[in-house]
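Remarks on the structure that follows.
For the numbers below, each heavy atom of this structure counts, side chains included, while hydrogens, waters and symmetry mates do not.
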Amino acid sequence: MAIPADVEEFVEKHIKLMISQTETYLPFIRVAFPYSNNVADGVYNLIIGSALSIFINQFALKMKYPTADDFTEFGKIALKYRDQVDQFFK
């Protein structure tokens with residue numbers, strides 16, 4: 001079962017917003033966390049954690065529960081943005 005198109009679109013827009021905010025805060029992040037070995041992982045996890053909350057809330061608004069397949073699809077959506085976050089820290 002595929003994620004409803006409106007839910008997927010909402011989640012992707014949220015991820016893109018979070019990535020653009022990361023780009024804005026990048027100078028601060030680099031100064032605030034100079035000794036962190038992998039800030040990219042931390043930032044990515046924060047973005048995807050926030051997107052997961054949005055994902056679940058979108059199903060709740062429809063009074064439905066995401067299935068295991070829906071979570072698999074969410075993971076595929078999230079993975080598309082991994083390299084974009086990594087590029088900020090190279």
Side-chain angles (χ1 to χ4, degrees):
M1 178 176 164
I3 296 173
D6 61 325
V7 172
E8 183 174 347
E9 180 183 350
F10 200 87
V11 167
E12 289 212 44
K13 283 182 179 180
H14 181 75
I15 291 171
K16 289 175 185 176
L17 171 65
M18 297 289 289
I19 287 173
S20 78
Q21 288 176 342
T22 299
E23 189 171 17
T24 300
Y25 289 112
L26 199 54
F28 163 76
I29 292 169
R30 285 193 172 129
V31 170
F33 304 105
Y35 303 111
S36 296
N37 291 330
N38 200 335
V39 179
D41 278 346
V43 169
Y44 177 76
N45 290 337
L46 286 172
I47 290 170
I48 299 310
S50 177
L52 179 60
S53 175
I54 295 295
F55 174 74
I56 293 170
N57 285 334
Q58 288 299 301
F59 274 90
L61 289 172
K62 296 173 182 273
M63 300 181 97
K64 295 182 179 181
Y65 296 100
T67 65
D69 289 340
D70 293 329
F71 282 109
T72 299
E73 290 298 315
F74 173 81
K76 291 176 185 176
I77 292 169
L79 191 58
K80 292 191 304 188
Y81 296 95
R82 177 66 202 181
D83 289 339
Q84 195 172 352
V85 172
D86 281 343
Q87 290 303 312
F88 287 135
F89 299 96
K90 291 192 178 190

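At least one donor-acceptor pair closer than 3.5 Å links the side chain of Y44 to the backbone N or O of A78. With hydrogens and angles ignored, the 3.5 Å screen pairs no side-chain donor or acceptor of S53 with any backbone N or O of G49. Not one N or O on the side chain of D86 forms a donor-acceptor pair closer than 3.5 Å with the backbone of D83. Judged by distance alone, the side chain of T22 and the main-chain N or O of M18 form a donor-acceptor pair under 3.5 Å.
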**Prompt:** Going through the distances and angles, do I15 and I48 end up as a side-chain contact (heavy atoms from CB on, under 4.5 Å)?
**Reply:** CA-CA 7 Å; I15 291 171; I48 299 310; 4.2 Å; yes
**Item:** Check against ring-ring contact (aromatic ring centres under 6.0 Å, His included), F71 and F55
**Value:** CA-CA 9 Å; F71 282 109; F55 174 74; 5.6 Å; yes
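No donor-acceptor contact under 3.5 angstrom links the side chains of D69 and T72, judged on distance only.
Cluster membership check: F10 does not share its hydrophobic cluster with L17, using side-chain heavy-atom separations under 4.5 Å among Ile, Leu, Val, Met, Phe, Trp and Tyr. A continuous path of hydrophobic side-chain contacts links F28 to F89 [ILVMFWY only; heavy atoms under 4.5 Å].
Atom-to-atom distance recorded for I77:CD1 and E8:CD is 4.0 Å, nearest 0.5 angstrom. Atom-to-atom distance recorded for Q21:CD and L46:CG is 12.0 Å, nearest 0.5 angstrom.
The closest side-chain heavy-atom distance from V11 to I3 is not below 4.5 Å. In this structure the side chain of F88 reaches within 4.5 angstrom of the side chain of I19, judged on heavy atoms.
Contacts classified as salt bridge (charged side-chain N to carboxylate O under 4.0 Å, His left out) and involving residues 22-51 (residues at least two apart or in different chains) are given here: D41-R82.
The pair K62-D6 meets the salt-bridge criterion, with a side-chain N (NZ, NE, NH1 or NH2) lying under 4.0 Å from an Asp/Glu carboxylate O.
For the residue pair H14 and S50, the shortest heavy atom distance occurs at NE2-OG, 2.7 Å.
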